[in-house]
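Notes to accompany the following structure.
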Amino acid sequence: MSDHPLNIERNLAVVHQRIRQTVERTGRPTDSVKLLLATKTVHPELIAKAIAAGELLIGENKVQEFRDKDPVLKDLPVRRHFIGHLQSNKVKDVLKYADLIESLDRSDIAEALHRRLDATGRNLEVMIQVNTSFEKSKFGIDPGEVFQFIQELRKYPTLKVTGLMTIGLFDADPEKVRPSYTLLRYLRDEIIAENLLPAETFRELSMGMSGDLETAIEEGATIVRVGTAIFGQRIYPDSYYWNEQTPLL
Ligand SMILES: *Cc1c(COP(=O)(O)O)cnc(C)c1O
């Protein structure tokens, strides 16, 4: 951890530069990768500052944080993605705050979302979270079950599936994480090739974080989710957000 005061504008410029350079180097179209700010534990005024600097997309892991920050963020021009583990007792509230849920990985949650959406005549964009690292502690459905899950989602027409999301192997070495990202892209392309979902609306690959966004972009990421590189180190370990066995903090 550094002693430097947080300079959001500078950090954002560095991250955008990393994205731009990788997009250019890999020959992908400009604007083919969106930056999502992973804002867990970040104070809403700091998030508002990033939005004022031109950021368009944020993601929260807990519905409670959406609610707490809502008074500051609700009228700001930003899209809000839910990227955490969704519990059934939070389905009602997440619909108040989220423009898109990236972390759909359970049929019962899909059904609960659909029931509420249907009752209010709304649709919702969702992405399917895949456990590409095969680690037991990670959320997301198994790669081998994604096709089946997409078939099941046909029962819930208010849910518009726009892509896949993954956290990937938890490792500081991007080359160790790469196979997770390769797998996610492969799954998306297979789903399209098998005509399970149309390429026009099913295209997003949300993958890549502060330490490995270049690798993710090389593998086809369309959304990278970045927290630490912009807002600095968090006080809670990621296991607090990512694992089934949540420690009591
Ligand atoms: C925290 C978080 C990120 C960002 O991680 P950093 O390493 O801080 O960039 C991305 N995705 C999810 C789901 C997260 O919880």
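Whatever order the structure lists them in is the order used to number ligands and atoms, beginning at 1. These figures come from a predicted structure and were not determined experimentally.
- For atom 15 (O) of ligand 1, the closest non-hydrogen atom of the protein is K40 NZ, 2.6 Å.
- When the shell of 6.0 Å around CZ of F149 is examined, it contains more than 12 heavy atoms from other residues, nucleotides or ligands.
- Heavy-atom proximity to T228, at under 4.0 Å, picks out these atoms of ligand 1: 6 (P), 7 (O), 8 (O), 9 (O).
- Evaluation of the side chain to side chain donor-acceptor pair (under 3.5 Å) rule for K34 yields E204 as partners, not counting sequence neighbours.
- Here the protein heavy atom with the shortest distance to atom 9 (O) of ligand 1 is S210 OG, 2.5 Å.
- Heavy-atom contacts of N61 reach the following atoms of ligand 1: 13 (C), 14 (C), 15 (O) (cutoff under 4.0 Å).
- If you check which protein heavy atom lies closest to atom 5 (O) of ligand 1, you get M209 SD, 3.7 Å.
- Within the 4.0 Å heavy-atom cutoff, R234 counts among the residues contacting ligand 1.
- Each of the following atoms of ligand 1 lies closer than 4.0 Å to a heavy atom of V226: 9 (O).
- Within ligand 1, the atoms closer than 4.0 Å to a non-hydrogen atom of G227 are 4 (C), 6 (P), 8 (O), 9 (O), numbered from 1 in the order shown.
- Side-chain contact check for V146 versus I141: some heavy-atom pair is nearer than 4.5 Å.
- Within a 6.0 Å radius of NZ in K96, other residues, nucleotides and ligands contribute more than 12 heavy atoms.
- Residue, atom and distance of the protein heavy atom nearest to atom 13 (C) of ligand 1 are I83 O, 3.7 Å.
- Of the residues N61, I223, I58, I167, the one that meets the side chain to side chain contact (heavy atoms under 4.5 Å, CB included) test with I83 is N61.
- With ligand atoms numbered from 1 in the order given, ligand 1 contributes 4 (C), 9 (O), 10 (C), 11 (N), 12 (C), 13 (C) to contacts under 4.0 Å with heavy atoms of R225.
- In the hydrophobic clustering of this structure, L100 does not group with I128; members are Ile, Leu, Val, Met, Phe, Trp, Tyr whose side-chain heavy atoms approach within less than 4.5 Å, directly or through other members.
- Defined by atom type and a distance below 3.5 Å, a donor-acceptor pair is missing between the side-chain atoms of D118 and Y156.
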